[in-house]
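See structure below.
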Amino acid sequence: MAEIIRSVKGTRDFYPDEMARRQWLLGQIRETSELFGYQYYDGPCLESIELYAAKSGEELVKEQSFVFPDRSGDLIALRPELTPTLARMVAQKQNELFFPQRWWSFGPFWRYERPQKGRTREFFQWNIDLIGADSLLADAELIALAASFLQRVGLSPDQVSVRVNHRAFANSQLMKLGLNPDQVKEMLRLIDRIDKLPPEIWKEKVLELGIDTLCFEQIQALLADLSLWEESEQLCGIFQHVQHLGLGEYICYDPSITRGLDYYTGTVFEVHDNAGEFRAILGGGHYGNLVADVGGRELAGVGFAMGDVVIDLVLQKFNAYPQELLANDGVFVTIFDEELHAKSELLAAKLRGAGLKTVLPVEIEKLGKQLKYADRVNMRFVLVLGPDEAKAGKVMVKDLVKRDQTLVGEEDLISFLKSAGLPKA
RNA sequence: GUGCCUGUAGCUCAAUGGCAGAGUGCUUCACUGUGGAUGAAGAUGUUGAGGGAUCGAGACCCUUCAGGCACCCCA
């Protein structure tokens, strides 16, 4: 046998089981987004490299994007993120759009990275943005929306939380300690990495910025002070609004959240599992100027992105996927023999006509085998139409879940099946 | 891109440098009008791939591919 050609590194195959989970997740995302009045949109998967050169510029495009020349030689990138596309789409229609706009999207993205747990080269991402709003209420809405999603999929505040910080607030705290703007910027990046580096190494890197020991200790004190947020008018406001929206249990202040992306200027937040087992589930924040880099006028907004990979791991870990994903909701019409074959086909057609999920064998096998197959493909009912039933004008309806069977008259069959809850919504 | 760990049946894993195995799953039968259970029988491998040292390699060495973990970066 020839060797099976391997799939591309970092990509995933979605067999029916995985596809069912993906579809369920998309459903939760759609329902959450629409519940808050957000509209579905999408951009192209292919973008000119210049779109990213303007903004993301850094490592994301240079090192981590799939880039290739098209037949005319132009450099094309498989989109590594959606924000630049969003910025372009908004800038193109800036004069005709009214604000704020509430938009959400779900689609594939590609990053040329080393695959590991929670990270693949091809992944799906939920993007959601409130564009053209520059208020605490906007920030609070997105945080509440994230929390609402967590609640909807059945993740509790004990398991996951939205960790919130504020860039400008963190900046001002560091400025107060006498750091210059360059040091502040570098310091925020280091704070972001504090959990990943051993304490000695981390201290070493801080001191390399030209920060003295006294100042280092003051920074440590800031990071240890979990009620520091009370000094921030913005954070106080956001926490209060999210509280009013009924989702306060999910949020907390976390001074180590700073976000790597430069365009965040205000509130920043990430969702993590509380045990710290997985990487960030979702991340986002407030940006002061979305569209300037692609040629538009200044426009603020707030948004976040969630990849499908980590949330899938978390949902599996906490058994949050519903059992009904593998629900038994179909009808299997057995074929007794050649003679009764046509009768079974007529019955199947009738059931399909009534909107019931109906499977008919494509080979006539022993009844035991047909039953076993019906069981394995998660059918709910098996219909047996043998000589006895045919003579009596009835059908034997076998319930694979309840493990019993009932003789039902042909004319009552559809109402019988529907009263048992078929078809599923 | 950097460092470390791991690749044996579809899956989970055994096997002092000396005949490649178990569990599970799969197929068939016991069961010629009834699924999961039980019992019996059966099939399945270039030990990820390529090279090397050795009388002899699944094991040791080199290369490569894939996966995992940490860094980098980020969803």
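Among the heavy atoms of the strands, none lies under 4.0 Å from A/F304. Residue contacts for A/P387: at a heavy-atom cut-off of 4.0 Å it reaches a base atom on one of the strands shown. No engagement by A/E270 is indicated, since no non-hydrogen atom pair under 4.0 Å with the nucleic acid exists. Among the atoms of the strands shown, only primed sugar atoms or phosphate atoms (P, OP1, OP2) are found under 4.0 Å from some heavy atom of A/K117.
In this entry the distance linking CH2 of A/W202 with P of B/rA70 reads 21 Å, nearest Å.
With pairs defined as Watson-Crick or G-U wobble and both atom distances under 3.5 Å, the stems of at least three pairs that touch RNA chain B come out as B:1-7 with B:65-71, B:10-13 with B:21-24, B:26-30 with B:38-42, B:48-52 with B:60-64.
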Identify the pairs formed between an N or O of the protein and an N or O of nucleotides 23-31 of chain B at a distance under 3.5 Å, and give each distance.
{"unit_1": "B/rU28", "atom_1": "OP1", "unit_2": "A/K369", "atom_2": "NZ", "d": "2.2"}

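No more than 12 heavy atoms of other residues, nucleotides or ligands lie within 6.0 Å of OH in A/Y373, so this atom counts as exposed by the packing criterion.
Between the side chain of A/Q405 and the base of B/rU34 there is at least one donor-acceptor pair of N/O atoms closer than 3.5 Å.
Across B/rA75, B/rC69, B/rU34, the shortest atom-to-atom separation from the side chain of A/L371 is found for B/rU34. Residue A/R403 has its side chain nearest to B/rG35 when only B/rA75, B/rG35, B/rU34 are considered. In the set B/rC71, B/rG3, B/rA75, B/rC71 carries the atom at the smallest distance from any side-chain atom of A/K196.
Using a cut-off of 4.0 Å between Lys/Arg side-chain N and Asp/Glu carboxylate O, A/E81 and A/R111 are scored as not salt-bridged.
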